[in-house]
Amino acid sequence: MSTMHEDDAFERLLGEVERMDESALDALVASTTASYNAPPARPPVDAMWAHIAAARKPAVRGGIHVQRWQLLAASVAFVAFGITIGRQWTSVSVHAAASAQHATPATSATPQPTSTPPSVATTSGSPAEPTVASTRTRTQTQVADATPSGSADEETRSRTSPTHVRSHAAPRVESSAPTVTQPRGASGNAAYQLATMRHFVQAEALLASYDGSAHDAKTDAQLASWASDLLSQTRLLLDSPAGRDPVRRRLLQDLELVLVQMAQLGPGTPQLEHDLIDGSVRHNDIITRLRSAVPAGATTAL
Amino acid sequence: MTVPALSTDSAASTDLGAVRAEREAQQREAARDTELVRAAVAGDPIAQRTLYDRHVDRVYRLAYRMTGDADMATDVTQDAFIRAFERLGEFRQEAAFGTWLHRIAVTTALVAIRSRKRRDRRYRPLEDAVEVGETVPQGEVLLREHLHRAIDGLADGYRTVFVMYELEGYSHQEIADTLGVAVATSKGQLFRAKARLREALKQVAAEVREGRRIE
């Protein structure tokens, strides 16, 4: 019975459709299409947000990309800086040898007392050989004991030694002396300076990557591991000649404090700890001091 | 004579007041979005979540209307927000954040629909097969199904405008801003979409009558 009524109603509807004007048809279309792809009353808001947050985590934090990029750039720059230092060292050696050769006539023009008798310098042939050999031995011994402060004296000794006086007679012996003695103390300082600058650049990268307001367990663990590595380097530098400079020492000590705090980050670290790290960085103005400790242009080289 | 004139004036002023109030509310909302966008660009996660909460319902509804599939609507909504947050730094505040976000959502939905169409085309023969025991819909259900198919068959531009205007209540200005077209284009596409649907309605009525006569 009801089916017959429905059929009749539909029949009437079809008849009306064929006679309808535009506005009536529009009204029918509107009422009929309201159910078209009708969305649910409540969308899965939290589930979608969880997906969005998970997809955006690296971009939001920005930490991991920056870390990898900075570490890669630092490694490449470190190698490049090492090559630059090596080339400079070689050029210094060549320059020292050349300057020593130029200095020889002046030294011989104003002879000074040496351990070798002057007569040996003027002699040629076999008697000169043992003298040259003993001079080389003494020079090498001095080199072994050389400190940066003693290098000037040694250079003076080398220049006034009979080896230089005999340069024309025995160029092989003469050229070896300044090449070995000259850059040793300078290279030690350069190595410490290089290590310190590299360390400061890495520490700056770590502190710049750290964001106290937004943190999660995984990133905190990575930061803690990184900070732990830098902490051991900081302590090594503090105990090395690089830590003798008072300004640098104080910076290394302040950095050590921050790194100790960051090395303890982990899952469940309270916000208070993050605030304390932020406070230490800001209060001691560490990032600015790190930047000013690295000479201009060295960052790109490192 | 005076009374009707007064009542007309008061009705007009009430309408104007309502329009003005609505516009002010929209401006307040846009200003709030602007603040939130600034904070979100600076990396504030609460601002990002607030922006999401303010717009997710409308974006999801539109995505669902356009795709007709819960999973696709979810994917489209997620992708739209992910893209919007990724490009938030490029957002120049020339349009409202909501409009900008909806533009991303519509583009994402259209791309998803096109890829689904390509996929469906491959499996069409199987899907079109009538299952054994499947009941043939009758009456108004049949009419509705035909109309829904007619909407599905509309060109993307017509269908988007129809869904946004007729089903989700967007204004032509909003549609124009979202789709990056003129208001007149939006109106024209809606007119053509409705004309197609009217034709489809008449056609299905004729087919049903014809079928009944044959029976």
Side-chain angles (χ1 to χ4, degrees), chain A residues 2-63 209-216, chain B residues 40 43-45 48-49 52-53 56-57 59-70 73-75 77-82 84-86 138-148 150-152 162-163 166-168 193-195 197-209 212:
Chain A
S2 61
T3 316
M4 278 184 68
H5 280 300
E6 280 176 13
D7 281 352
D8 290 343
F10 187 57
E11 198 75 31
R12 276 201 301 277
L13 179 66
L14 291 178
E16 284 171 15
V17 164
E18 286 171 336
R19 289 189 297 273
M20 273 180 183
D21 61 351
E22 281 192 5
S23 59
L25 272 172
D26 282 350
L28 182 61
V29 166
S31 65
T32 314
T33 55
S35 61
Y36 176 74
N37 293 347
R42 292 186 65 188
V45 174
D46 289 329
M48 286 192 293
W49 176 252
H51 183 88
I52 292 165
R56 293 203 65 248
K57 196 157 275 181
V60 170
R61 291 282 303 174
S209 302
Y210 174 73
D211 183 1
S213 61
H215 46 86
D216 59 55
Chain B
D44 181 359
Q48 290 173 1
R49 174 68 203 225
Y52 171 79
D53 285 338
V56 67
D57 278 350
V59 170
Y60 181 81
R61 282 185 64 85
L62 182 59
Y64 199 104
R65 288 280 195 190
M66 289 181 72
T67 59
D69 180 273
T74 304
D75 287 347
T77 308
Q78 287 169 181
D79 287 354
F81 274 99
I82 290 168
F85 285 142
E86 276 173 358
Q138 293 293 326
E140 287 184 41
V141 179
L142 184 71
L143 192 69
R144 196 185 310 134
E145 281 196 358
H146 270 80
L147 260 182
H148 287 186
I151 298 171
D152 284 336
F162 179 81
V163 164
E166 282 291 333
L167 306 182
E168 286 301 308
K194 280 183 175 179
L197 293 180
R198 280 196 302 268
E199 279 175 27
L201 199 59
K202 283 184 175 175
Q203 194 179 341
V204 71
E207 280 175 8
V208 169
R209 273 182 166 288
R212 291 198 170 192

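For clarity, every value in this text was computed on a predicted model and none was experimentally measured. Throughout, a chain's letter reflects where its sequence line sits, starting with A, and its residues are numbered from 1.
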So, the part of B/I82 with a heavy atom under 4.5 Å from chain A: the answer is both
When the 4.5 angstrom heavy-atom criterion is applied to B/Q78 and chain A, the contacting part is both
Cut-off 4.5 Å, heavy atoms of chain A, and the answer for B/L201 is both
By salt bridge (charged side-chain N to carboxylate O under 4.0 Å, His left out), B/E168 pairs with (sequence neighbours left out) B/R61, B/R65
Scored by heavy-atom pairs under 4.5 Å with chain A, the best of B/T74, B/V163, B/L197 is B/T74
Turns out that what part of B/F85 lies under 4.5 Å from chain A's heavy atoms comes down to both
Whatever's closer than 4.5 Å to a heavy atom in chain A on B/D75 counts as neither
Nearest heavy-atom contact between B/Y64 and A/P39 is CD2-CA, 3.5 Å
For the residue pair A/Y36 and B/H148, does the interplanar ring angle fall in the parallel (under 30°), tilted (30 to 60°) or perpendicular (over 60°) class? perpendicular
Smallest heavy-atom separation, B/G43 atom then B/P45 atom, equals O-CD, 3.1 Å
For residues 37-46 of chain A, the salt bridge (Lys or Arg N to Asp or Glu O under 4.0 Å) pairs (sequence neighbours left out) are A/D46-B/R49
